[in-house]
A.B. asks: 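Below is the structure I would like to discuss, written out as structure tokens.
If you're wondering where the values come from, they're calculated on a predicted model, not measured in any experiment. FYI, side chains are in, hydrogens and waters are out, and symmetry mates aren't considered; it's all heavy atoms of this structure. Order of the sequence lines sets the chain letters (A, B, ...), proteins ahead of strands, with each chain counted from 1.
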Protein chains: 2
Amino acid sequence: MAYAKVEHDVVIDKLMEVFRSSGYDGASMATLAQATQLKKASLYHRFPQGKEEMAHAVLRYVATWAKSRIADVPVVSDSTPEDRLDTALKAIDELYDGGRLDCILRALSHGSAANLFQKEIGAIFETLIRSFKHLALEFGHNEQQAQQLANELMVKIQGTLIVQRSLGQPSMFKAMLAEMSAKFMKTHF
Amino acid sequence: MAYAKVEHDVVIDKLMEVFRSSGYDGASMATLAQATQLKKASLYHRFPQGKEEMAHAVLRYVATWAKSRIADVPVVSDSTPEDRLDTALKAIDELYDGGRLDCILRALSHGSAANLFQKEIGAIFETLIRSFKHLALEFGHNEQQAQQLANELMVKIQGTLIVQRSLGQPSMFKAMLAEMSAKFMKTHF
DNA sequence: TACAATTTACCGAACGATCGGTAAAAATTT
DNA sequence: AAATTTTTACCGATCGTTCGGTAAATTGTA
């Protein structure tokens, strides 16, 4: 029988899709195999440590995503702070598909995964917060204000994803991003 | 052998404890039985529809909790709006043990439970939002401001629980409640 | 270039353990 | 004794995981 050849990037993407929508406990090997088009045994060839290693691989990808799409934005300069904030928030909006998709970091933070990936997830959150704090500083906010704005953004991203889903109001996420964008740009002197 | 007699309220409390910390998929019948001190078959006697019925029972309890501890606070009058807000937020703080405990509503919103309890969970959120909006109105905020404050509070409760855990900063939740309390009380004329 | 040796990638089948769920016996209450 | 509740004992299905083996790609050798 001809068998499937699947690119590593595609496998990671499909694994992330299952983990984020089903959570760590809800993602069964059978589901992960079906999603990746690989048989269970083939997944174990690529990830000898099984499900846990798959989740680690996904988080490694998310960490690089965060660095390239959020943290390194200021480096690609020749742009205004407004442009850079807009680019970063557009990346966030894309990551969550306008709030329709769950957060992979949250999905891997609960249940039996609660203590498995804590460090990596915390590091990614810190990267994101540091990046947005840096952006806030560029707008002229002081140290404390910048830190507070970055924290508030992360909290509202997570919170809005949950509340929006429970209330069935798919407009909340984009509205919240717009509101936070305005808050970043409005500096009080 | 003498067998266990466990009060209904205690069973519900233990079931909630497991669901909120393990999620719906992560909460196995074996775990639920161990936590309630009842054998699996005894749980099926009390909840013939199994895990799903147990979760429904827990949510029914949460709904009554929300009504008695949050929604009906204004009814027990002879108190200032400040007192009533403080009482409501203290109930929230207690429910989440200062941010150390997970949210049962969120825990039952994901994985294979995503579509099972949507309506009930949405209704509870709406009850809470309506209650806090009512409180905001008492402080003199206008319709739009009150709605916005209530929404913001719910979003920040959910978001802070997640971010606080991931960052390992157990002080965020209480700080956030205090900040929101101040925001409710500060009316702009 | 041709061919053999080795490594890499994938798969079907099965493992023990645990899953959610059930039937019938034993214990308790009324 | 009748009814209710908890228990023991068990079921088929699925869990994550492993094993034995095959197909394809790569490397080494002539």
A.B. asks: Testing B:Leu153, B:Leu161, B:Val163 for side chain to side chain contact (heavy atoms under 4.5 Å, CB included) with B:Met176, which one passes?
C.D. replies: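 Only one of B:Leu153, B:Leu161, B:Val163 forms a side chain to side chain contact (heavy atoms under 4.5 Å, CB included) with B:Met176, namely B:Leu153.
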
A.B. asks: Determine which pairs satisfy salt bridge (Lys or Arg N to Asp or Glu O under 4.0 Å) with at least one residue from residues 106-116 of chain B, sequence neighbours left out, and list them in order.
C.D. replies: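 The answer is B:Asp102-B:Arg106.
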
A.B. asks: Give a yes/no answer on whether the side chain of B:Ser42 brings an N or O atom under 4.0 Å of OP1 or OP2 in D:dT7.
C.D. replies: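 The answer is yes; a side-chain N or O of B:Ser42 sits under 4.0 Å from OP1 or OP2.
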
A.B. asks: If I take atom CE in residue B:Met54 and atom P in nucleotide C:dC19, what distance separates them, rounded to the nearest angstrom?
C.D. replies: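 Going from B:Met54 (CE) to C:dC19 (P), I get 13 Å.
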
A.B. asks: Taking side chain as C-beta onward, heavy atoms only, is A:Asp9 less than 4.5 Å from A:Tyr61?
C.D. replies: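 Result no, sub-4.5 Å side-chain heavy-atom pair not found.
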
A.B. asks: For residues 53-70 of chain A, pull every pair meeting salt bridge (Lys or Arg N to Asp or Glu O under 4.0 Å), keeping only residues two or more places apart or in separate chains.
C.D. replies: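 Sorted pair list: A:Arg69-A:Glu94.
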
A.B. asks: For the CZ atom of A:Arg20 and the CG atom of A:Leu101, what is their distance to the nearest 0.5 Å?
C.D. replies: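 Answer rounded to 0.5 Å: 4.5 Å.
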
A.B. asks: Please write out the pairs of protein N or O atoms and N or O atoms of nucleotides 14-17 of chain D separated by less than 3.5 Å, giving the distance to one decimal.
C.D. replies:
unit_1	atom_1	unit_2	atom_2	d
D:dG16	OP1	A:Ala27	O	3.3
D:dG16	OP1	A:Lys51	NZ	3.1
D:dG16	OP2	A:Met29	N	2.6
D:dT17	OP2	A:Tyr44	OH	2.4
D:dT17	OP2	A:Lys51	N	3.4
D:dT17	O5'	A:Tyr44	OH	2.7
D:dT17	O4	A:Lys40	NZ	3.2

A.B. asks: Grab the NE2-P distance between A:His8 and C:dA9 for me, whole Å please.
C.D. replies: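 The distance from NE2 of A:His8 to P of C:dA9 comes to 11 Å, rounded to the nearest Å.
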
A.B. asks: What is the separation between atom CD on A:Glu53 and atom P on D:dT18, rounded to the nearest whole Å?
C.D. replies: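 A:Glu53 atom CD is separated from D:dT18 atom P by 12 Å.
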
A.B. asks: Hey, is the side chain of B:Arg46 poking within less than 4.0 Å of OP1 or OP2 on D:dT4, counting only N and O atoms?
C.D. replies: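 Answer is no, no contact under 4.0 Å.
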
A.B. asks: For residues B:Ala136 and B:Leu149, report the shortest heavy-atom separation together with the two atoms involved.
C.D. replies: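 Between these two residues, the closest heavy atoms are CB-CD1, 4.3 Å.
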
A.B. asks: Examine C:dC10: is either OP1 or OP2 under 4.0 Å from a nitrogen or oxygen in the side chain of A:His45? Give yes or no.
C.D. replies: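 Negative; the distance criterion is not met.
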
A.B. asks: Could you check how far CG of A:Leu32 sits from P of C:dC11, rounded to whole Å?
C.D. replies: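 Rounded to the whole Å, the gap is 15 Å.
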
A.B. asks: Report the distance from atom NZ of B:Lys39 to atom C1' of D:dT8, rounded to the nearest whole Å.
C.D. replies: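 Rounded to the whole Å, the gap is 9 Å.
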
